[in-house]
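Report on one structure; see the data block that follows.
Residue numbers start at 1 and run along the sequence shown.
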Amino acid sequence: KQWYQRRVRGGGTTIKCKQVIADPSYIPERCRKVGQVVRAICLLQAAIPNTASSKSCHIIIPHSKVGRKNDIYVVCLSSDHKVCDKNWYVATVSTAVETDRPEEELEPGIQLLGQVSEKFVSVSDLYEPIVDGRNDNIFVCSSYDAISDFATTSRDIIKIYEESTGDLLDDSLTQDKILQTEAE
């Protein structure tokens, strides 16, 4: 089989491997821009109001309720999840960019959070691969989109797995089957 060489950035080391699976930022010439996502990471000192003081929650604001083409996603986690110090919460609010004022597009989600102690906003370009990696064993994933349940990311991982191995992913193992096997 043919071997491929890639240089590790900053290390000057050459690594030989049979396959490369990379983020779009490493091989931009194999990708095209398909949009942008705006994200806010917010630090809170209390649970999101009207969630029964929940230590975690996932809220999807339907696009039709806020006059948009895309939904707005809100996720909040607490120190119970080991993502922040005790008595703190970390919330993310994200959506696909539709206007030239992306931070304002997050407002319906930010308003749900209650008192925000600190907010960090970023806008990222979204890329998807334009080259099928099966011919040269160089596979590029898509960028992380705004969807906070990782559904599109999971589908992308399955696609890359199947393309890079030539096998279908065996999804017949469910948690019930695993627990049953462990009990036997």
Side-chain angles (χ1 to χ4, degrees), residues 8-11 21-130 139-161 171 174-175:
V8 176
R9 291 182 190 188
I21 300 174
D23 177 270
S25 64
Y26 289 100
I27 313 175
E29 65 275 10
R30 296 176 73 105
C31 303
R32 72 170 168 235
K33 182 178 172 182
V34 293
Q36 291 184 306
V37 62
V38 57
R39 289 184 180 89
I41 299 173
C42 301
L43 303 179
L44 316 173
Q45 292 183 307
I48 294 177
N50 303 313
T51 63
S53 298
S54 179
K55 298 292 184 180
S56 67
C57 67
H58 186 209
I59 302 166
I60 301 173
I61 303 171
H63 61 92
S64 59
K65 298 293 183 187
V66 288
R68 296 178 43 80
K69 296 177 189 170
N70 295 280
D71 296 338
I72 300 172
Y73 302 90
V74 179
V75 172
C76 186
L77 300 172
S78 68
S79 60
D80 286 8
H81 300 90
K82 309 297 183 216
V83 297
C84 55
D85 283 341
K86 190 174 181 178
N87 300 321
W88 282 89
Y89 295 78
V90 176
T92 61
V93 182
S94 59
T95 191
V97 173
E98 297 178 7
T99 71
D100 59 355
R101 297 178 316 281
E103 188 170 352
E104 291 177 18
E105 297 181 54
L106 296 175
E107 270 312 302
I110 300 289
Q111 289 174 2
L112 295 177
L113 301 181
Q115 181 66 37
V116 175
S117 297
E118 196 75 45
K119 179 172 69 171
F120 308 92
V121 178
S122 66
V123 176
S124 303
D125 291 336
L126 295 175
Y127 295 96
E128 67 181 17
I130 55 173
F139 300 90
V140 180
C141 65
S142 296
S143 302
Y144 290 117
D145 62 11
I147 300 175
S148 54
D149 66 2
F150 300 107
T152 51
T153 301
S154 298
R155 284 192 297 272
D156 193 36
I157 291 168
I158 291 168
K159 176 182 156 284
I160 289 174
Y161 172 85
D171 63 356
T174 63
Q175 184 175 5

Should we count [atom1] of [X] as having more than 12 external heavy atoms under 6.0 Å?
| X | atom1 | answer |
| --- | --- | --- |
| I60 | CD1 | yes |
| E107 | CD | yes |
| Y161 | OH | yes |

ask   = Hey, are K119 and E103 close enough for a salt bridge, meaning a charged N less than 4.0 Å from a carboxylate O?
value =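 A salt bridge is present here (some side-chain N lies under 4.0 Å from a carboxylate O).
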Please answer whether the main-chain N or O of [Y] pairs with a side-chain N or O of [X] as donor and acceptor at a distance below 3.5 Å.
| X | Y | value |
| --- | --- | --- |
| S78 | K55 | yes |
| S94 | A146 | yes |
| D71 | H63 | yes |
| E98 | K69 | yes |
| D156 | S142 | yes |

query = In Å and rounded to the nearest 0.5 Å, what is the CZ to OG distance from R39 to S122?
reply =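 Nearest 0.5 Å value for the CZ-OG distance: 6.5 Å.
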Euclidean distance, I61 CD1 relative to R68 CZ, rounded to 0.5 Å =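 That separation rounds to 9.5 Å.
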How about [X] and [Y]: do any of their side-chain heavy atoms sit closer than 4.5 Å?
| X | Y | value |
| --- | --- | --- |
| C76 | S56 | no |
| S143 | E128 | no |
| V37 | V97 | no |
| Y144 | T153 | yes |
| Y73 | V93 | no |
| I48 | C57 | yes |
| V83 | W88 | no |
| I59 | V75 | no |

ask   = Going by distance alone, is a donor N or O of one side chain under 3.5 Å from an acceptor N or O of the other, for E105 and T99?
value =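 There is such a pair (donor and acceptor under 3.5 Å, judged by atom type) between the side chains of E105 and T99.
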ask   = Using a distance-only test with no angle check, is there a side-chain donor-acceptor pair under 3.5 angstrom linking T95 and N70?
value =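 No.
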